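For reference, the structure is listed below as structure tokens.
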Amino acid sequence: MINSWKKALTASIVSTLALSSNVWAEKLPGEGVTVQALQSTVAEETFQTSIVNRALEELGYDVKPTKEVDYNVAYTSIAKGDATFLTVGWFPLHADKYKMSGGDDKFYRQGQYVSGAAQGYLIDKKTAEKYGITNIGQLKDPKLAKLFDADGDGKADLTGCNPGWGCEMVIEHQIGAYQLEDTVTHNQGNYAAIIADTISRYKNGESILYYTWTPYWVSGVLVPNKDVVWLEVPFSSLPGDRKNVDTTLSNGKNYGFEMNSMRIIANKEFAAQNPAAAKLFEIIKLNINDVSAQNMMMSKGKNSSADIESHVNGWIKANRPLFNSWLAEAKKAAI
């Protein structure tokens, strides 16, 4: 009788442990945890943010709708714990923002989400070849600068960078460093609107001068080395802590900006408490050409929320094995 009772008890314990083990195996690491993504008002960053959101959802996290804020607000909010992460932290461009908001004491920053992002100044190829313009420093010459005058004031009109993005600080600094204050005007505002006007002027046969970055749809419309050319700078010159950085690239060209990477910036306390999310932020990678292709679709009118969601679904479907490998590593980190 006692042996029968012992066998029954043992079987019951084994069954309970097996059931508990199955429940544990099915439990996702993010269950019960809410996350809040932030992004800038640049609609072309939605694709990158949504892919990370979708991965977090599949890890069980309760992902709130992404909020659009200024980059400065994003860093401050994440540092305070009012938001969870930003997928498009530009580095080293945002180095000063990162440091001023608390740096490594407040943020978790591992891995590179998108690599190989370029920035700089470009002009139309026709004007470049006709007047031998290869360097923005040549626009100190009022006669050359006037070629890019769009408003009749005699100065070159540079389609520039929105306040708060970080690139505007570099441009303002370089206009001073290269002594262009008297010949070049840095036009700022809604970048999408002013670059659209710039493209219209190019199509009308006018000379254009503008700042842009990759990945972004502009370089699919104004194609470098075909329609436009990159301008070099007289010498390396960056503001703030990067004042001694050499911006010369491996090919010997110097376009005035370092090559950047988009990095995921997360609240440090959240990352410590959520190893699955932290591992995902570290290992997830997006090909820069995929971002450019999606941005190009947006520029051609496929830019509604539904369109972007469709782009995200299509990308995940086409890259499901890779996507699943990220999820598997993230789950493993939570054990």
Side-chain angles (χ1 to χ4, degrees), residues 39-48 71 88 90-94 114-128 133-137 139 147-148 150 156-175 178 180 184-204 206-233 238 247 249 251 253-262 288-300 303:
Q39 72 173 62
S40 79
T41 55
V42 179
E44 286 79 8
E45 292 182 0
T46 306
F47 178 67
Q48 296 93 296
Y71 285 121
V88 188
W90 288 81
F91 287 90
L93 185 65
H94 287 174
V114 181
S115 303
Q119 300 174 77
Y121 309 105
L122 298 95
I123 63 172
D124 60 285
K125 189 176 182 181
K126 181 179 69 174
T127 304
I133 303 172
T134 59
N135 193 300
I136 198 168
L139 300 189
L147 297 170
F148 305 97
D157 285 288
L158 167 65
T159 298
C161 178
N162 283 29
W165 282 2
C167 42
E168 86 284 2
M169 296 168 60
V170 176
I171 294 172
E172 289 294 328
H173 171 84
Q174 291 180 344
I175 285 176
Y178 307 145
L180 300 173
V184 176
T185 299
H186 179 200
N187 292 326
Q188 296 174 273
N190 182 314
Y191 183 85
I194 57 177
I195 196 65
D197 177 69
T198 303
I199 293 170
S200 293
R201 289 192 287 110
Y202 170 79
K203 290 180 177 178
N204 288 333
E206 298 178 40
S207 301
I208 57 169
L209 166 67
Y210 64 98
Y211 158 87
T212 200
W213 67 95
T214 62
Y216 195 60
W217 61 265
V218 169
S219 292
V221 176
L222 299 174
V223 180
N225 300 321
K226 176 177 175 283
D227 306 310
V228 294
V229 296
W230 293 89
L231 292 182
E232 291 197 67
V233 295
L238 294 171
T247 52
L249 303 179
N251 63 2
K253 300 288 186 179
N254 191 345
Y255 300 127
F257 291 78
E258 298 167 88
M259 292 295 288
N260 271 250
S261 295
M262 299 180 198
I288 194 169
N289 294 325
D290 291 350
V291 179
S292 292
Q294 190 275 336
N295 286 181
M296 178 59 72
M297 287 191 283
M298 291 180 67
S299 75
K300 292 181 177 178
N303 54 13

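Quick caveat: nothing in here was measured; it's all calculated off a predicted structure.
Between the OG1 atom in T214 and the CG atom in N260 there is a gap of 9.5 Å [rounded to 0.5 Å]. With rounding to the nearest 0.5 angstrom, the CG atom of L209 is 10.5 Å from the OG1 atom of T185. Here the straight-line distance linking atom CD of E206 with atom OG of S200 works out to 9.5 Å at 0.5 Å rounding. A distance of 12.0 Å separates CD1 in I195 from OG in S299, rounded to the nearest 0.5 Å. For the atom pair OG1 of T159 and OH of Y121, the computed distance is 12.5 Å after rounding to the nearest 0.5 Å. Here the CG atom belonging to D290 is positioned 11.0 Å from the CG atom belonging to N295, to the nearest 0.5 angstrom.
Side chains of E232 and T134: a donor-acceptor N/O pair is absent below 3.5 angstrom, by distance only.
Looking at L122, I123, N187 one by one, the single match for side-chain contact (heavy atoms from CB on, under 4.5 Å) with Y210 turns out to be L122. Paired with W213 under the rule ring pair (Phe, Tyr, Trp, His ring centres under 6.0 Å), one option of F257, Y255, W230, W165 passes, and it is W165.
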Going through the distances and angles, do T127 and F148 end up as a side-chain contact (heavy atoms from CB on, under 4.5 Å)? CA-CA 9 Å; T127 304; F148 305 97; 3.7 Å; yes

W217 and M298: side-chain contact (heavy atoms from CB on, under 4.5 Å), yes or no, with the steps? CA-CA 8 Å; W217 61 265; M298 291 180 67; 5.9 Å; no

Please determine whether side-chain contact (heavy atoms from CB on, under 4.5 Å) holds for the pair L222 and I208, giving the CA-CA distance in whole Å, both sets of side-chain angles, and the decisive distance to 0.1 Å. CA-CA 11 Å; L222 299 174; I208 57 169; 3.9 Å; yes

Decide yes or no on side-chain contact (heavy atoms from CB on, under 4.5 Å) for I133 and V229, but give the supporting numbers first. CA-CA 10 Å; I133 303 172; V229 296; over 6 Å; no

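Annotation for D157 and A150: closest pair OD2-N, 2.7 Å, computed over non-hydrogen atoms. Between M262 and V88 the shortest heavy-atom distance is SD-CG1, 3.6 Å. Across all their heavy atoms, V221 and M296 have their closest contact at N-CE, 4.0 Å. When all heavy atoms of V184 and I175 are compared, the closest pair comes out as CG1-CD1, 4.5 Å. The heavy-atom pair separating N162 from N190 by the smallest distance is OD1-C, 4.0 Å.
When atom types are taken as modelled, the side chain of D124 and the backbone of V228 share no donor-acceptor pair closer than 3.5 angstrom. Of the possible polar contacts, one joining the H186 side chain to the C161 backbone as a donor-acceptor pair under 3.5 Å is found. Remark: side-chain polar atoms of S292 are paired, donor with acceptor, to backbone N or O of I288 under 3.5 angstrom. E168 places a side-chain N or O within 3.5 Å of a backbone atom of G164 that can act as its donor or acceptor partner.
Between L238 and Q174 the shortest side-chain heavy-atom distance falls below 4.5 Å.
Residues passing the side chain to side chain donor-acceptor pair (under 3.5 Å) test with S261, sequence neighbours excluded: Q112.
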